[in-house]
Amino acid sequence: MEIDRRAFIASLGGTAAVSLMDSEAKADSLEHWMEEQLDEQVAANQEAKFPTVAEIEAQIETRNYRRGAGSLFVSGRGNVKKLEPMPKNPSLQDFFRLRFAPANHVLQSATRALKTGMSEEVILACLLHDCVLNLIKPDHGWWGAQLFEPYIPEKSTFAIRYHQTLRFYPDSDAGYEYPDQYFRIFGEDYKPPTHIEATYKMLKNHKWYMEPRLVTVNDLYAFDPKAVVSIDPFQDIIGRHFKSPKEGLGNDNSPSAHMWRTLANPDQPL
Ligand SMILES: [Fe+2]
Ligand SMILES: [Fe+2]
């Protein structure tokens, strides 16, 4: 548990009061204070009320953007910033550095996949699985798969395309539970649309079911702000499995080159 020193000292009556206590009394007070804090946190979590689908819908007209806009296109706060231009023949690593950064979520997912000894196709899928959210959010599994399909192994594409579907369906044997985050962002009474239901039915009996399932298992929502992650541990896997075009992503005339160009130049008006 994180100790808020100031709050703790204040709870004892300030530094002057603390200086009069012997070390045993201080230790007892700290233990007591931590127990109370933990109880409060547990109670707060239990009381956490998730919005309904109708409540989320009512928020639409309170915004000047749509929730599906890619992160590069909306600023969380204030105006958007000028982007550093991409190099002439941009690589995947350049996009990570200049357009996907800080990319903590995907780097953390891939780090977990690497540490738990998953296949290189799954590690690569974890590294790339949500990058397309910078471009667009709805149906990001399909968009993401399309963005990377010309360059990566078929299994990784399959994993990226379908992780979006499997996130809605728990599989405790595989170690995946429905995330609280989804109650929060979709509403507690949300039912996935029919195309997601149909895709789930197809996946359940698919020989590659575990590829997207493992992406969901590594898909960490409990973001650890202290974790230091980098793309460096994945350079070899990228080198082996990502067919980097020599002209650069976007200049290569692949079926998704236009998507890379849009990511490179999100300020283009047309
Ligand atoms: Fe995702
Ligand atoms: Fe994710």
Side-chain angles (χ1 to χ4, degrees), residues 56 66-74 76 92 95-96 99-116 118-149 151-153 155-171 174-187 190-193 195-197 199-200 202-203 206 208-225 227 229-231 233-234 237-238 242 256 259 263:
I56 287 176
R66 297 203 185 272
R67 285 212 297 176
S71 325
L72 274 178
F73 296 84
V74 282
L92 178 67
F95 274 93
F96 260 86
R99 294 296 181 269
F100 302 154
N104 282 311
H105 171 66
V106 288
L107 288 170
Q108 282 195 10
S109 299
T111 301
R112 188 184 182 284
L114 187 69
K115 278 192 187 148
T116 50
M118 295 190 183
S119 73
E120 295 200 342
E121 285 96 337
V122 167
I123 296 170
L124 184 66
C126 290
L127 181 68
L128 307 177
H129 79 284
D130 281 342
C131 288
V132 85
L133 294 178
N134 290 283
L135 180 65
I136 189 163
K137 290 178 179 162
D139 267 321
H140 74 284
W142 276 272
W143 281 97
Q146 202 173 3
L147 175 68
F148 292 113
E149 192 155 27
Y151 316 99
I152 62 174
K155 270 189 185 173
S156 305
T157 304
F158 188 90
I160 295 171
R161 178 166 292 124
Y162 296 122
H163 87 277
Q164 176 201 340
T165 296
L166 291 188
R167 293 213 50 88
F168 291 105
Y169 301 92
D171 178 345
Y176 176 73
E177 303 300 338
Y178 191 88
D180 276 2
Q181 176 81 342
Y182 273 28
F183 289 126
R184 229 167 269 132
I185 64 177
F186 289 98
Y190 179 75
K191 293 268 169 302
H195 76 280
I196 295 284
E197 264 178 47
T199 303
Y200 177 56
M202 176 279 287
L203 288 171
H206 199 286
W208 285 357
Y209 168 82
M210 281 311 283
E211 314 300 317
R213 174 50 79 200
L214 290 175
V215 174
T216 71
V217 169
N218 292 307
D219 209 349
L220 304 172
Y221 278 104
F223 174 65
D224 176 0
V229 281
S230 129
I231 200 165
F234 309 105
I237 291 177
I238 294 171
F242 192 94
S256 65
M259 295 165 76
L263 283 162

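Counting starts at 1 for both ligands and their atoms, following the listed order. Predicted model only: the values in this text are computed from it and were never measured.
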### Task
Check whether the ring centres of Y176 and Y169 lie less than 6.0 Å apart, and answer yes or no.
no
Result for side chain to side chain donor-acceptor pair (under 3.5 Å) between R161 and one of H129, E149, Q146 points to E149
The single option from R112, Q108, K115, H163 that satisfies side chain to side chain donor-acceptor pair (under 3.5 Å) with N218 is R112
Across all chains, not counting sequence neighbours, the ring-ring contact (aromatic ring centres under 6.0 Å, His included) partners of F158 are Y162, H206, W208
Looking at D130, the N, O or S atom sitting nearest the Fe ion (ligand 1) is OD1
ask   = Is there an N/O/S atom in H140 that lies less than 2.8 Å from the Fe ion (ligand 1)?
value = yes
Of all N, O or S atoms in D219, the one closest to the Fe ion (ligand 2) is OD1
query = From the Fe ion (ligand 2) out to just under 2.8 Å, does an N/O/S atom of H163 turn up?
reply = no
